[in-house]
Amino acid sequence: MTRRSVLRASQLALLGILIAVTAGATDSSARFDKDSHEMICMCSCTELLGECNHVGCPSSPVMLSELSADIARGDSDNTIFHKFQEEYGPVVLASPRFTRFNHIAWIMPPLMLFLGIAGVLLIVRNWKMRTVPMPAAPDTPGFAAARDRIRSETQI
């Protein structure tokens with residue numbers, strides 16, 4: 001098999017997977033079920049909107065009818081979530097949406113850690129590379145004799 005045919009086969013496989021995954025995306029009941037499980041009911045039960053099982057819940061029927069109307073109108077998921085977030089606040093979303101700020105908030109801590117480690121390694125490397133000048137042997141008479149005597153006395 002040539003490299004070109006392998007590339008073509010992988011592209012076709014990826015296209016097939018993409019078609020299989022997005023085939024159910026147009027089904028409004030599946031989309032309603034998916035979207036209702038990505039929001040929290042506002043009746044203070046802290047359950048997912050699609051799972052709220054309180055008898056006589058004042059919030060879930062209203063929210064579910066709004067969600068159904070938005071899906072029937074053809075709004076995108078981002079538009080629907082943005083509308084619900086404006087109406088009920090950010091606590092309505094079961095998980096935060098990935099916005100530019102969220103990407104930065106997730107990326108910055110590990111990035112700062114790695115930059116800090118790299119900075120410390122550079123500083124340590126520079127310290128190790130720095131040469132310390134050795135003092136020159138004094139020209140005083142008897143220095144060599146005293147040094148030899150000290151070395152002979154300290155040998156084991």
Side-chain angles (χ1 to χ4, degrees), residues 1-138 154 156:
M1 263 182 133
T2 65
R3 184 176 180 187
R4 186 178 199 131
S5 62
V6 170
L7 180 64
R8 181 62 64 190
S10 64
Q11 288 174 343
L12 288 173
L14 183 62
L15 181 64
I17 292 170
L18 184 66
I19 290 171
V21 168
T22 60
T26 58
D27 186 20
S28 62
S29 65
R31 186 171 167 213
F32 177 81
D33 188 47
K34 181 184 78 70
D35 288 351
S36 68
H37 283 85
E38 291 184 16
M39 290 188 273
I40 303 290
C41 181
M42 293 283 88
C43 71
S44 72
C45 67
T46 65
E47 289 189 30
L48 296 174
L49 180 60
E51 301 286 324
C52 182
N53 57 4
H54 289 121
V55 177
C57 177
S59 300
S60 66
V62 174
M63 292 175 73
L64 289 172
S65 65
E66 285 179 32
L67 178 61
S68 179
D70 290 343
I71 290 174
R73 191 171 37 247
D75 292 346
S76 68
D77 287 348
N78 285 336
T79 305
I80 293 171
F81 293 139
H82 187 69
K83 176 187 164 225
F84 272 85
Q85 191 172 2
E86 284 180 356
E87 186 174 342
Y88 296 105
V91 295
V92 75
L93 301 177
S95 63
R97 308 306 299 167
F98 279 112
T99 61
R100 276 183 249 150
F101 175 75
N102 288 348
H103 285 296
I104 291 171
W106 278 98
I107 291 171
M108 288 308 287
L111 180 67
M112 288 293 120
L113 175 69
F114 291 129
L115 288 176
I117 290 171
V120 168
L121 291 175
L122 283 174
I123 290 171
V124 169
R125 181 175 168 249
N126 285 339
W127 283 345
K128 285 180 74 174
M129 299 300 278
R130 189 180 314 162
T131 58
V132 179
M134 293 298 292
T154 57
I156 296 178

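Model, not experiment: these values are computed from the prediction.
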Next on the checklist: Contact between Glu38 and Ser95 at the side-chain level, heavy atoms closer than 4.5 Å - yes or no?
Outcome noted: no
Next on the checklist: Quick one, Gln85 with Val91, criterion side chain to side chain contact (heavy atoms under 4.5 Å, CB included). Give me CA distance, side-chain angles, the key distance, then yes/no.
Outcome noted: CA-CA 8 Å; Gln85 191 172 2; Val91 295; over 6 Å; no
Item to check | Note, Met63 side chain near Val92 side chain (heavy atom, < 4.5 Å) | outcome: yes
Checklist entry - What's the spacing between Lys34 NZ and Asp77 CG if we round to 0.5 Å? => result 4.0 Å
Next on the checklist: For His54 and Cys43: C-alpha separation, side-chain torsions, deciding distance, then whether side chain to side chain contact (heavy atoms under 4.5 Å, CB included) applies.
Outcome noted: CA-CA 9 Å; His54 289 121; Cys43 71; 3.6 Å; yes
Next on the checklist: So which atom in Pro110 and which in Ile107 form the shortest heavy-atom distance, rounded to 0.1 Å?
Outcome noted: CD-O, 3.3 Å
Checklist entry - Are side-chain heavy atoms of Ile80 and Arg31 found at a separation under 4.5 Å? => result yes
Checklist outcome for this item: Of Val120, Leu113, Leu115, the one forming a side chain to side chain contact (heavy atoms under 4.5 Å, CB included) with Ile117 is Leu113
Checklist entry - If we only count heavy atoms from C-beta on, is the Cys41 to Cys57 side-chain gap below 4.5 Å? => result yes
Item to check | Chi angles and distances behind the side chain to side chain contact (heavy atoms under 4.5 Å, CB included) call for Glu47, Ile40 | outcome: CA-CA 6 Å; Glu47 289 189 30; Ile40 303 290; over 6 Å; no
Next on the checklist: Tell me whether the count of non-hydrogen atoms from other residues, nucleotides or ligands lying under 6.0 Å of CZ in Arg73 goes above 12.
Outcome noted: yes
Next on the checklist: Does atom CE (Met112) have a neighbourhood of more than 12 heavy atoms from anything else shown, all under 6.0 Å?
Outcome noted: yes
Item to check | His37 side chain to Asp33 backbone, donor-acceptor under 3.5 Å | outcome: yes
Checklist entry - Which atoms form the tightest heavy-atom contact between Glu87 and Glu66, and what is the distance? => result OE1-OE1, 3.1 Å
Checklist outcome for this item: Value for CG (Leu48) from OG (Ser60), rounded to nearest 0.5 Å, stands at 12.0 Å
Checklist entry - Given the rule in the salt bridge (charged side-chain N to carboxylate O under 4.0 Å, His left out) test, do Asp75 and Lys83 qualify, once you have shown the distances and angles that lead to the verdict? => result CA-CA 10 Å; Asp75 292 346; Lys83 176 187 164 225; over 6 Å; no
Checklist entry - Shortest non-hydrogen contact from Phe84 to Met39? => result CG-SD, 3.6 Å
Checklist entry - With distance as the sole test, does Ser68 use its side chain to make a donor-acceptor pair with the main-chain N or O of Leu64 at under 3.5 Å? => result no
Next on the checklist: Between Ser36 and Phe32 (side chain of the first, backbone of the second, donor and acceptor by atom type, cut-off under 3.5 Å), is there such a pair?
Outcome noted: yes
Checklist entry - Can you check whether Leu121 reaches Arg125 side chain to side chain, under 4.5 Å on heavy atoms? => result no
